[in-house]
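Contents: one structure, followed by commentary.
From a predicted model like this one, the values you see are computed outputs, not experimental measurements. Numbers restart at 1 for each chain; the letters A, B, ... are given by sequence-line order, proteins then strands.
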2 protein chains.
Amino acid sequence: MSNDWVVGTKDDLAAELERVTQRDSTVLAWTARHDDEQIIDAFGVAPDGLLSGWTIGVKDVINTFDLPTERGSPIYKGHRPVSDAACVAMAREAGAVVTGKTVTTEFALFTPNITTNPHNPLHSPGGSSSGSAAAVADRQVRAAFGTQTVGSVIRPAAFCGVVGFKPSRRLLPLAGVATLSYAFDTIGWFTQDVADSATMFRAMTGSPTPEQNLNHKVGRYLSHQWEASAPETLKVLDYSCEALAANGIEVVTIDPLPHLESVFDAANTILHYEIFRVFAWERTHHLDLISDLLQKMFIKASDISHDDYLEAQKILFSARLAHEEFMSTNHFDALLTPSAPGEAPLIKTTGDSVFNRVWTALGVPTIHLPVHLGPNGLPLGVQLTGRSWCDKELLLIAMHAESTLTAT
Amino acid sequence: MSNDWVVGTKDDLAAELERVTQRDSTVLAWTARHDDEQIIDAFGVAPDGLLSGWTIGVKDVINTFDLPTERGSPIYKGHRPVSDAACVAMAREAGAVVTGKTVTTEFALFTPNITTNPHNPLHSPGGSSSGSAAAVADRQVRAAFGTQTVGSVIRPAAFCGVVGFKPSRRLLPLAGVATLSYAFDTIGWFTQDVADSATMFRAMTGSPTPEQNLNHKVGRYLSHQWEASAPETLKVLDYSCEALAANGIEVVTIDPLPHLESVFDAANTILHYEIFRVFAWERTHHLDLISDLLQKMFIKASDISHDDYLEAQKILFSARLAHEEFMSTNHFDALLTPSAPGEAPLIKTTGDSVFNRVWTALGVPTIHLPVHLGPNGLPLGVQLTGRSWCDKELLLIAMHAESTLTAT
């Protein structure tokens, strides 16, 4: 998607507000919003900072002191936290104005909610950060926070055709964010382009902008999960690799990496064990208000033993070390790999996170770049996965890659 | 302390309630409590489980749906969460009855609050889990939850003379716990003896009781921070090592480990960087309600750059690998090391966490065992630190060690 629409001025704000008025009843991205006058007034008193002039949406599992946080569950209907999550407070401190809370699936898991894909309302926006991805894609807001436990930032970014960034595991505070897996939960965000994503990263971390280095090496990686991909996914990967190579980025094809083979299942074990415990209160007080899908997950999860969990953690720990060793020994800056199996599916599911689980479990930063439209006229793109704690380096490569993809 | 007082029966409950009536105005361990009748009624409807018959106190940074959670700060005066933290819900699911919320220092940091040391009200109970340690030590409750970011479980356990256990980093969910450092925060608990601590561990994790193995090897470790120790600390360490050795535990003295030398400062850098971000909302909305001590910490913290933070994380990561390698290569099950510089100081400070910071930063499980009284009639004990994810093994060694310490 080209970046022909830049916000940050009064005209842009007016355009966003108008967009919400026109499109909200179709896209259904919001659970709660300030009214237009409140938003305009908020700009008048927002501090000066890196995010001055930005409107921001906040996934409804992230606390805000001025709007409810319902976590996509009737258990939390009308719940109003007393304070902002740390990431929201930092964004406001940097000048951003929070316009509203965006739709999440139930507890940021897999039961679809009401949001539709801005490109076609019969299709899913992805999940669990459904509303955040859709609101940014539909240009109702400049940026939006999401969370990723498996694929909840990258997948909706792919389906909606925006940039989605998930930083390194535990690089950003989860204070005030309703977690579901303490091993994996990570805050991320959606923007129109990589430059905005990098600006948000600076606002969250205080990181300086590093010097651009155009000497990049990227691995083309189909992964152990490749059989889940649709034909259009190979096309967008190949197209992207050619574009990168034509613009001076070294691209090397990598066979599925043996050290990643067990990560997928180990991550699943860890997720189930943790979810069973994290939702102890909801399970014991409001089981009747929990979806059938999640109740079934609890039953499966209750069978996972502490020893299974420890074994899975050991597998993951070894894989993290091996992956870092692989990336550094072979001088890879990033891997280029699918974000999702293909275009957005019909709206009855949020789609498959099969191409996200391994990277989230490894804890490496990952970013989705939209590339073009697929056979059904829905967005397709690619994922770049980096090295742990090398977030700003990944953002640099992504900026370089984005320029080659939009140039071709 | 001998374990001559076992709760879990009606008589024990009556004794606890009587103890609160008599001693609460001196010890001041509670911020909020259910009244006696409510507690007795709760036992009538509590589910059967591992913690049946247990009364539990909950540090006031941990959410409870039925009592306020004020975080030791006027900013959260009267705040009542809608749900329990995961650890509290799991304890209740296992049959425990929550009797009340225990005093914490401001945001679980270092500004002392009102609780006194049950052994002498002129002395500190330690912090930040002050009320939890004091309530258990004073036998007002069978067990209590705390949290540790630097030394907030082990230090108060030492000063109050109870068993304090901090599990491996991130082994237990922090959902519903107000965090302050996402790198280090860990839930822990206080009990009269190691057996109770192990039972709590089983209730939290589903871990089975492992087979007792009496073939243990322990390192006697004074650490790089040894110069902070008072003379009585050497005495209790030597006494304990002799008792362990006399009962078949191999004890080997270890010089300060080079791989741990930089951990102390790196942990401090990480803590400051994270606290500045975690408290973004409190800083920007209620600076006037934050203590001078914490405001000064924010000023210092605002100077720490993202690159400083990443560098500190790298130091820690290397140290964790090196420490695991050291422990496994030399077949150490645990290190025996000071819990605190000496006896509890006078009440104007919560004491020094100098002997806790390195272990919390490494993420290894640690446990405090009370041993005897020091020159001022206040408790002294030792800390055993284990290997990451080997919590049940540490609890086994601790049980063995405890039996030698109480036998001699």
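No other option in Trp389(A), Phe276(A), Tyr76(A), Tyr273(A) has as many heavy-atom pairs under 4.5 Å with chain B as Trp389(A). Counting heavy-atom pairs under 4.5 Å between each of Glu93(B), His286(B), Lys314(B), Glu274(B) and chain A puts Glu93(B) at the top. Ranked by non-hydrogen atom pairs under 4.5 Å with chain B, the options Ser83(A), Ala175(A), Ala86(A), Ala89(A) are led by Ser83(A). In terms of non-hydrogen atom pairs under 4.5 Å with chain A, the most contact-rich of Leu171(B), Leu310(B), Val82(B), Ile75(B) is Val82(B). Between chain A and the residues Ser168(B), Ser207(B), Ala183(B), Gly206(B), the largest count of heavy-atom pairs under 4.5 Å involves Ser207(B). Of all the listed residues (Val88(A), Thr205(A), Val278(A)), the one sharing the greatest number of non-hydrogen pairs under 4.5 Å with chain B is Thr205(A).
Inter-residue side-chain proximity for Leu321(B) and Leu321(A) is flagged as met; some heavy-atom pair is nearer than 4.5 Å.
Contact of Pro47(A) with chain B is not made at all, since no heavy-atom distance falls under 4.5 Å. Both the backbone and the side chain of Asp84(A) come within less than 4.5 Å of a heavy atom of chain B. Neither the backbone nor the side chain of Ser305(B) comes within less than 4.5 Å of any heavy atom of chain A. Neither the backbone nor the side chain of Phe279(B) comes within contact range of chain A; no heavy atom of the residue lies under 4.5 Å from a heavy atom of that chain. Looking at Pro81(B), neither its backbone nor its side chain comes within 4.5 Å of chain A, counting heavy atoms on both sides.
The NE2 atom of His285(B) sits 6.5 Å away from the CZ atom of Arg92(A) when rounded to the nearest 0.5 Å. Rounded to the nearest 0.5 angstrom, Tyr182(A) OH and Arg169(B) CZ are separated by 14.0 Å. Taking CD from Glu324(A) and CZ from Phe317(B), the interatomic distance works out to 8.0 Å, rounded to the nearest 0.5 Å.
The environment of Asp48(A) atom CG is sparse: at most 12 non-hydrogen atoms of other residues, nucleotides or ligands sit within 6.0 angstrom.
Note: Phe201(A) and His306(B) have perpendicular aromatic rings, judged against thresholds of 30 and 60 degrees for the angle between ring planes.
Checking side-chain atoms of Arg277(A) against main-chain N and O of Met204(B) turns up a donor-acceptor pair under 3.5 Å.
Nearest heavy atom pair, residue Tyr309(B) against residue Arg170(A), reads OH-O, 4.0 Å.
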